[in-house]
Amino acid sequence: MSGMIGGETASAGALVKARSAEVAAAIDRAFDHLLSVPDDPRARLYEAMRHAAIGGGKRLRPLLVQATSDLFHLSRESALRVGLAIECIHVYSLVHDDLPAMDNDDMRRGKATVHKAFDEATAILAGDCLHDLAFQILSDEETHPDPFVRIELVRALALASGPAGMAGGQMMDLEAEHARFDLATVTRLQNLKTGALIAFCVDAAAIMARIPVDARTGLHGYARDIGLAFQIADDLLDVEGDATVAGKALGKDAAAGKETFVSLLGVDRARAQAHMLVDQAKAHLHGYGAEADLLRAIADYIVERDR
């Protein structure tokens with residue numbers, strides 16, 4: 001049995017890496033096209049956006065959109081455009097997170113952070129523009145022909161990235177440096193900071209497929225569970241990982257005195273919890289067949305990754 005499980009894990013990893021490479025290449029090509037550097041004084045801004053957006057990163061979020069789109073036989077192009085919009089939000093948040101006023105990081109995705117490669121003012125504007133670009137992409141007819149679908153995508157991404165989602169979680173994360181958070185509060189923080197955008201990745205495909213909200217319960221459960229598993233894996237990497245492989249500084253949460261899943265549960269319990277969440281996430285997909293194999297493989301990959 002253990003050999004079979006090991007084979008399944010290896011197969012899942014190969015599937016994720018293959019599809020991830022395809023999606024990453026497509027995302028980079030799209031950013032290269034959208035962020036062509038103009039021959040005017042805005043050039044430095046575009047160069048900073050390209051520095052942040054092109055190359056590196058797991059591209060997990062666009063991959064999740066593609067994987068969920070497989071369930072409903074949606075076009076790869078529509079899924080790619082939605083994934084690109086989400087990646088704009090994700091990258092903008094990293095650019096701003098890295099600023100001295102927030103996490104004050106020097107390295108991201110194996111290269112200098114934007115404010116180090118350029119300057120703080122340019123980094124702020126680059127993040128702002130990536131944020132705006134996300135909604136420009138979603139509202140375009142090329143993303144989906146139905147304007148009602150497009151406005152639902154815009155609204156859902158705004159909710160997932162704003163004070164009731166990612167940005168709210170970031171504020172809680174800043175407060176964590178000055179307060180003692182229990183497990184429930186850390187879980188709430190991560191459901192907002194990391195989980196809300198991951199949940200949108202899965203929900204976006206259902207929106208494009210016009211699946212009623214009450215028929216998305218299993219997908220919502222899957223997204224919630226992999227979002228928490230992803231963060232626990234991140235916390236474990238922060239303690240056990242290699243900064244060279246991760247492409248960013250590690251150990252900063254402990255240095256800042258923040259409570260994490262690892263500090264509250266310990267390494268072994270945190271790892272066991274992550275694997276339990278992955279099993280639970282895959283169980284939410286019981287109503288689907290082979291078309292959900294990539295979603296299942298992503299769930300396994302989340303806790304096996306090294307970056």
Starting at SG of Cys88, measure out to CG of Leu84 and round the result to the nearest 0.5 Å.
-> 5.0 Å
Cluster overlap Ile198 with Leu94, hydrophobic side-chain contacts below 4.5 Å | no
Measure from NZ or CZ of Arg61 to the centre of the six-membered ring of Phe230, then state whether that distance is under 6.0 Å and the direction lies within 45° of the axis.
-> yes
Under a 4.5 Å cut-off applied to non-hydrogen side-chain atoms, are Leu219 and Leu285 in contact?
-> yes
Do the side-chain N and O atoms of Asp203 and His220 include a donor-acceptor pair separated by under 3.5 angstrom?
-> yes
For the pair Asp97 and Arg108, find out whether any cationic side-chain nitrogen is under 4.0 Å from an anionic carboxylate oxygen.
-> no
For the residue pair Asp140 and Gln136, confirm or rule out a side-chain donor-acceptor distance under 3.5 Å.
-> no
Point-to-point distance, once rounded to the nearest 0.5 Å, from CD1 of Ile207 to CZ of Phe72 | 11.0 Å
Side-chain donor-acceptor pair under 3.5 Å between Thr122 and Asp119, yes or no?
-> yes
Would you mind reporting whether Thr260 and Asp238 have side-chain heavy atoms less than 4.5 Å apart?
-> no
Kindly check if the number of other-residue, nucleotide or ligand heavy atoms within 6.0 Å of CG (Asp39) is above 12?
-> no
Below 4.5 Å, heavy atoms only, C-beta onward: do Arg76 and Asp70 meet side chain to side chain?
-> yes
When rounded to the nearest 0.5 Å, the distance separating SG of Cys129 from OH of Tyr46 is 7.5 Å
Trace of the salt bridge (Lys or Arg N to Asp or Glu O under 4.0 Å) decision for Asp105 with Lys116 | CA-CA 9 Å; Asp105 274 318; Lys116 286 293 184 180; over 6 Å; no
CG-CZ distance between Leu45 and Arg42, expressed to the nearest 0.5 angstrom | 8.5 Å
Between atom CG of Asp279 and atom CG of Asp225, what is the distance when rounded to the nearest 0.5 Å?
-> 10.0 Å
In the hydrophobic clustering (ILVMFWY, side-chain contacts below 4.5 Å, transitive), which residues join Ile124, or is it alone?
-> Leu99
Hey, what do you get for OH (Tyr288) to CG (Leu71), rounding to the nearest 0.5 Å?
-> 5.5 Å
Treating Ile, Leu, Val, Met, Phe, Trp and Tyr as nodes and any side-chain heavy-atom pair under 4.5 angstrom as an edge, say whether Ile151 and Leu159 lie in one connected cluster.
-> no
Do Met102 and Leu130 share a hydrophobic cluster, counting only Ile, Leu, Val, Met, Phe, Trp and Tyr and linking them when any side-chain heavy atoms are less than 4.5 Å apart?
-> no
State, with a plain yes or no, whether a side-chain heavy atom of Asp28 is found less than 4.5 Å away from one of Asp32.
-> no
Criterion side-chain contact (heavy atoms from CB on, under 4.5 Å) against Ile302, the qualifying member of Leu277, Ile226, Leu228 | Ile226
Could you list all the salt bridge (charged side-chain N to carboxylate O under 4.0 Å, His left out) pairs where at least one residue sits in residues 143-157, not counting sequence neighbours?
-> Asp146-Arg210, Glu152-Arg216
Please examine the side chains of Met107 and Lys111, heavy atoms only from C-beta on, and report whether any two atoms are closer than 4.5 Å.
-> no
Could you check Asp293 against Arg296 for salt bridge (Lys or Arg N to Asp or Glu O under 4.0 Å), going step by step and ending with a plain yes or no?
-> CA-CA 5 Å; Asp293 281 351; Arg296 297 182 185 101; 2.9 Å; yes
Output yes when Lys58 and Glu87 qualify as a salt bridge under the 4.0 Å nitrogen-oxygen rule, no when they do not.
-> no
Are any of the side-chain heavy atoms of Arg269 and Gln273 separated by less than 4.5 Å?
-> no
Indicate yes or no: at least one non-hydrogen side-chain atom of Pro100 is less than 4.5 angstrom from one of Asn104.
-> yes
Is any side-chain heavy atom of Tyr222 closer than 4.5 Å to a side-chain heavy atom of Leu64?
-> yes
